[in-house]
> 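If you scroll down you'll find the structure; I have some questions about it.
In this text, all values refer to a predicted model and were calculated from it rather than measured experimentally.
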Amino acid sequence: FEIPKSKGHIQGNKTVITNFNNIISDLRRDKEHFLKFLLKELATPGVFDGPRLVLGRKVSGVMINQKVEQYAKMYVLCGNCGKPDTQILTKADGTYLKCTACGTERAIKL
């Protein structure tokens with residue numbers, strides 16, 4: 001599994017990520033959850049424009065890719081075996097990341 005890299009450009013004082021939908025499908029996570037994480041981490045507003053994501057300020061591609069990688073490590077990759085075959089489960093006592101490959105469960109914060 002390779003963590004997807006963002007592709008985009010600066011347009012005026014905004015940043016446009018052109019492959020946002022590809023990143024979501026590669027990570028196999030909820031679009032809204034990933035967007036909320038990304039906007040909070042980058043401290044910027046953002047809106048969908050078709051398949052693209054438009055961020056409200058100039059953000060470097062390196063910084064965006066670091067945040068995508070951080071998200072993948074927190075919410076996609078198994079902490080035990082490192083595989084991306086995980087699901088987010090909500091139970092009465094919290095939210096967990098469960099690996100379907102090795103069976104490990106770890107608590108996560110949404």
Side-chain angles (χ1 to χ4, degrees):
F1 176 75
E2 194 172 305
I3 296 172
K5 300 283 184 224
S6 67
K7 292 182 178 78
H9 58 276
I10 306 283
Q11 188 173 358
N13 62 349
K14 298 185 183 310
T15 304
V16 179
I17 302 174
T18 55
N19 67 334
F20 189 74
N21 282 344
N22 296 353
I23 294 171
I24 299 269
S25 64
D26 286 354
L27 294 176
R28 295 193 316 261
R29 288 294 176 262
D30 179 53
K31 187 184 220 179
E32 295 301 321
H33 180 255
F34 178 63
L35 179 65
K36 183 178 168 188
F37 172 85
L38 195 62
L39 297 180
K40 185 177 145 224
E41 288 291 316
L42 294 173
T44 183
V47 293
F48 289 114
D49 178 23
R52 311 176 318 160
L53 174 66
V54 180
L55 301 175
R57 68 179 180 92
K58 292 180 184 177
V59 182
S60 73
V62 172
M63 184 178 251
I64 294 168
N65 287 328
Q66 283 175 343
K67 298 304 177 187
V68 171
E69 197 171 310
Q70 184 181 347
Y71 180 87
K73 287 179 179 165
M74 287 173 68
Y75 298 109
V76 180
L77 300 175
C78 174
N80 188 38
C81 69
K83 293 191 172 155
D85 306 324
T86 58
Q87 298 173 318
I88 294 177
L89 302 176
T90 305
K91 296 182 179 179
D93 60 339
T95 308
Y96 295 89
L97 189 69
K98 179 173 174 63
C99 180
T100 55
C102 71
T104 303
E105 269 188 26
R106 70 178 162 103
I108 58 172
K109 203 172 104 183
L110 285 182

> Ile10 and Leu39: same hydrophobic cluster, using ILVMFWY side-chain contacts below 4.5 Å?
no
> Distance check, rounded to the nearest 0.5 Å: Cys78 atom SG versus Arg106 atom CZ?
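Between atom SG of Cys78 and atom CZ of Arg106 there are 7.5 Å.
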> Please test Thr15 against Ile64 for side-chain contact (heavy atoms from CB on, under 4.5 Å), starting from the C-alpha separation and ending with a verdict.
CA-CA 10 Å; Thr15 304; Ile64 294 168; 4.0 Å; yes
> Would you say Asn21 and Lys31 make side-chain contact, with heavy atoms under 4.5 Å?
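Counting from C-beta outward, Asn21 and Lys31 do come under 4.5 Å.
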> Side chain to side chain donor-acceptor pair (under 3.5 Å) with Thr86: which of Arg28, Lys98, Glu105, Arg29?
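So the option named by the test is Arg29.
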> Working to the nearest 0.5 angstrom, can you tell me the gap between Asp49 CG and Lys14 NZ?
11.0 Å
> Report yes if some heavy atom in the side chain of Asn19 is under 4.5 Å from a heavy atom in the side chain of Ser6; otherwise report no.
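Counting from C-beta outward, Asn19 and Ser6 do come under 4.5 Å.
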> Are Ile24 and Val47 linked, directly or through other ILVMFWY residues, by side chains that come within less than 4.5 angstrom of each other?
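In one cluster with Ile24: Val47, no.
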> Please tell me if the side chains of Ile3 and Leu77 come closer than 4.5 Å, counting only heavy atoms from C-beta onward.
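Sidechains of Leu77 and Ile3: in contact.
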> Tyr96, Tyr75: one ILVMFWY side-chain cluster at the under-4.5 Å cut-off?
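Tyr96 does not cluster with Tyr75.
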> On a heavy-atom basis, which atom in Pro4 and which in Asp26 lie closest, and how many Å separate them?
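Where Pro4 meets Asp26 most closely, the heavy atoms are CB-OD2, 3.6 Å.
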> Establish whether Val54 and Leu35 are linked, either directly or via other cluster members, by ILVMFWY side-chain heavy-atom contacts under 4.5 Å.
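No, no single cluster joins them.
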> For the pair Ile108 and Met74, evaluate side-chain contact (heavy atoms from CB on, under 4.5 Å) and give the outcome as yes or no after the intermediate values.
CA-CA 8 Å; Ile108 58 172; Met74 287 173 68; over 6 Å; no
> Where do Glu41 and Tyr71 land on the side-chain contact (heavy atoms from CB on, under 4.5 Å) test, with the steps shown first?
CA-CA 10 Å; Glu41 288 291 316; Tyr71 180 87; over 6 Å; no
> Drop me the distance from Lys40's NZ to Leu42's CG, to the nearest 0.5 angstrom.
11.5 Å
> What is the distance from atom CG of Asn22 to atom CD1 of Ile17, rounded to the nearest 0.5 Å?
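So the gap between those two atoms works out to 12.0 Å.
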> As an exercise, state the distance from CG of Asn13 to NZ of Lys58, rounded to the nearest 0.5 Å.
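Atom-to-atom, Asn13:CG and Lys58:NZ are 7.0 Å apart.
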> If you round to the nearest 0.5 Å, how far is CG of Leu27 from NE2 of His33?
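The NE2 atom of His33 sits 11.5 Å away from the CG atom of Leu27.
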> Taking NZ, NE, NH1 and NH2 as the nitrogens, is one of them in Glu69 or Lys73 under 4.0 Å from a carboxylate oxygen of the other?
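Yes, charged N to carboxylate O under 4.0 Å.
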> Could you label the plane-to-plane angle of the Phe34 and Phe37 rings as parallel, tilted or perpendicular, counting under 30° as parallel and over 60° as perpendicular?
parallel
> Can Leu38 be reached from Met63 by stepping across I, L, V, M, F, W or Y side chains whose heavy atoms are under 4.5 Å apart?
yes
> Taking all non-hydrogen atoms of both residues, which atom of Lys83 and which atom of Ala101 are closest, and how far apart?
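Looking at all heavy atoms of both residues, the shortest contact is CD-CB, 3.9 Å.
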